[in-house]
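Heads up: the structure comes next, in structure tokens.
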2 protein chains.
Amino acid sequence: MIEKQRVSVDQPKRPRNAVATREAILQSALAAFSRHGYDGVGVRDIAQAAGVTAVLVNRYFGSKEELFAAAVEVAFADRSLFEGDSSMLAPGLTAVIMTRTEKDAEPINPFFLLLRSAPNPRAAEILRDSIARHFERPLTSLLRGPRAGERAAIILAVVMGLSLFRKVIGSKALADANAASLSGDLKTMFQRLIGSAASRESPVRRSHAEKRNQRRL
Amino acid sequence: MIEKQRVSVDQPKRPRNAVATREAILQSALAAFSRHGYDGVGVRDIAQAAGVTAVLVNRYFGSKEELFAAAVEVAFADRSLFEGDSSMLAPGLTAVIMTRTEKDAEPINPFFLLLRSAPNPRAAEILRDSIARHFERPLTSLLRGPRAGERAAIILAVVMGLSLFRKVIGSKALADANAASLSGDLKTMFQRLIGSAASRESPVRRSHAEKRNQRRL
DNA sequence: GTCTATAGAAAGATAGAC
DNA sequence: GTCTATCTTTCTATAGAC
């Protein structure tokens, strides 16, 4: 029926370049796993989008599973969110959610990679490990107060749940929500989770406010 | 190698009973989709667990996709969470999360069905529709205050994110968290989201408190 | 380093016997 | 109403040519 198409140029074979080929496969895998999840994409698809055949995927990465692990490491490498102090965390998390899940946003990001690959048991193992190292750990060390690890995981879980509803499921209520009011809600929610006592009142600007008015409650 | 096993009795054929067979397939599908997700299970697996062959799945439900839609309707039918008034909502949501994601909990429930099937685009469509009808709508009508639909979706997104981290990913920080303190955090978070102004302070018991002290802030 | 060709398993769905 | 047998497609992975 329809002729198979080459994504790259119409050369008979790709020019020999191991590192460039490996990188092309890795980027293609990152995009494909983000868009369709581990079980939703085959090594053929990934190879074709990178301009090579499926053989090279296994040659460079050993197996689909190992390719996935490599793609996860690349996707989760961005640490910019956790570099400032904790006062920028709530606005930063809110902005990341809003921009990466808006209507015509690039569908390639670590959240979608995670959400769409988590159903596969082996992928889930790889993800659990990478989340702990790249997200839970740095976020935990940014939080003050008791049970920082627990609260960090809650914050990340909230981020993932919102991304799920906004983009993977596509809930109308969240996908079409007014951006300003939704941002406000999220920022407040994150601020409260970040505040050192998640189960107490008014964590917003707590450290400043409580010096001025200890009997606020 | 290993002989295939019949789940049911060792009769050559299942006794003829259309409604019982249909129901057995439906329950088997519900369990399988919850455990492994839409893409993680085949109609053969579902049929075998129901004690029939794969032919009957398509005979009774038309296709895997239609079987999935039927299973979703069954899974999402439980409305007990939204029957009381909104004062029981936060404790109820917290209890549902904690019990259904504890260590040895039954892995068959609507949350896992949703989380593990959402990556498939057709399953996502079916889920989006059923979530709107069975969860977003009743929860929205239980919430007072502005942007109830938006806030209902946020609440559901938070529930799903927590279930994801506790059980599908298996984040150690949340899976092994102290049940009492985690419950407390969740209850507070839900109470704030349920309170009529998600972006303002102290929604807990707001309606009572604000009558006594308007200048609390 | 990259390819074609293919092995071997498993998927969804259907024809036709009983 | 239920089965066996089979069609067709797709999957991961590998052998071997160039």
Side-chain angles (χ1 to χ4, degrees), chain A residues 1-2 4 6-26 28-29 32-33 36-71 117 119-123, chain B residues 1-2 4 6-26 28-29 32-33 36-71 117 119-123:
Chain A
M1 322 291 183
I2 298 170
K4 287 183 186 174
R6 289 240 176 205
V7 171
S8 64
V9 285
D10 52 345
Q11 289 176 341
K13 293 194 181 191
R14 185 190 183 84
R16 299 192 172 201
N17 185 338
V19 293
T21 298
R22 200 192 133 97
E23 183 61 19
I25 293 171
L26 194 54
S28 170
F33 287 137
H36 311 294
Y38 187 86
D39 286 332
V41 73
V43 295
R44 280 179 179 79
D45 310 315
I46 294 170
Q48 179 171 324
V52 297
T53 60
V55 182
L56 294 195
V57 173
N58 283 323
R59 175 164 181 78
Y60 283 118
F61 294 93
S63 69
K64 184 186 180 183
E65 194 176 305
E66 292 169 280
L67 171 64
F68 177 76
S117 299
N120 183 285
R122 282 295 297 126
Chain B
M1 324 292 179
I2 297 170
K4 287 183 186 176
R6 290 242 174 201
V7 171
S8 64
V9 285
D10 51 344
Q11 289 175 342
K13 294 193 182 192
R14 185 188 183 84
R16 298 192 173 200
N17 184 338
V19 293
T21 298
R22 200 191 133 97
E23 182 63 19
I25 292 171
L26 195 52
S28 171
F33 287 137
H36 311 295
Y38 186 86
D39 286 331
V41 74
V43 295
R44 281 178 177 79
D45 310 316
I46 294 170
Q48 179 172 324
V52 298
T53 60
V55 182
L56 294 194
V57 173
N58 284 322
R59 174 163 181 80
Y60 283 118
F61 294 93
S63 67
K64 183 186 180 184
E65 192 178 306
E66 292 169 279
L67 171 63
F68 178 75
S117 299
N120 184 284
R122 281 296 298 127

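Labels below follow one simple rule: chain letters A, B, ... track the order of the sequence lines, proteins then strands, and each chain is numbered from 1. Values reported hereafter were calculated over all heavy atoms of this structure, with side chains retained and with hydrogens, waters and symmetry mates removed.
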Open item on the list: Once side-chain hydrogen bond (donor to acceptor under 3.5 Å, both in side chains) is applied, do any residues pair with A:D39, and if so which ones, sequence neighbours excluded?
Closed with: A:N120
Open item on the list: Is the ring pair A:Y38/A:F33 parallel, tilted or perpendicular, if the boundaries are 30 and 60 degrees?
Closed with: parallel
TODO: Output yes when at least one side-chain N/O atom of A:T21 is less than 4.0 Å from OP1 or OP2 of C:dT2, else no.
DONE: yes
TODO: Could you check how far CD of A:E66 sits from C1' of D:dA13, rounded to whole Å?
DONE: 12 Å
- [ ] Could you check whether A:Y60 gets within reach of a base, just the sugar-phosphate, or nothing at all, counting any heavy atom under 4.0 Å?
- [x] sugar-phosphate
Task: A:V43: side-chain contact (heavy atoms from CB on, under 4.5 Å) partners, not counting sequence neighbours - done: A:A54, A:V57, A:K64
Open item on the list: I want to check one thing: is the phosphate of D:dT2, taken as OP1 and OP2, less than 4.0 Å away from some side-chain N or O of B:T53?
Closed with: no
Open item on the list: Below the 4.0 Å mark, does C:dT2 have OP1 or OP2 next to a side-chain nitrogen or oxygen of A:R59?
Closed with: no
Task: Residue whose closest nucleotide on DNA chain D lies nearer the 5' end, B:A18 versus B:V55 - done: B:A18
- [ ] State which residues pass side-chain contact (heavy atoms from CB on, under 4.5 Å) with B:A69; sequence neighbours excluded, sorted by chain then number.
- [x] B:I126
Task: Contacts of A:E65 that satisfy salt bridge (Lys or Arg N to Asp or Glu O under 4.0 Å) - sequence neighbours left out - done: A:R122
TODO: Just grab all the salt bridge (charged side-chain N to carboxylate O under 4.0 Å, His left out) pairs involving residues 43-62 of chain B, residues at least two apart or on different chains.
DONE: none
Task: Between C:dC3 (C1') and A:L56 (CG): distance, integer Å - done: 8 Å
Restricting to nitrogen or oxygen on both sides, can you table the protein-nucleotides 9-13 of chain C pairs closer than 3.5 Å?
| unit_1 | atom_1 | unit_2 | atom_2 | d |
| --- | --- | --- | --- | --- |
| C:dG12 | OP1 | B:K64 | NZ | 2.8 |
| C:dG12 | OP2 | B:V43 | N | 2.9 |
| C:dG12 | N7 | B:R44 | NH1 | 3.0 |
| C:dG12 | O6 | B:R44 | NH2 | 2.9 |
| C:dA13 | OP2 | B:N58 | OD1 | 3.4 |
| C:dA13 | OP2 | B:K64 | N | 3.0 |

- [ ] Rounded off to whole Å, could you give me the CD-to-P distance for the B:Q48 and D:dT2 pair?
- [x] 17 Å
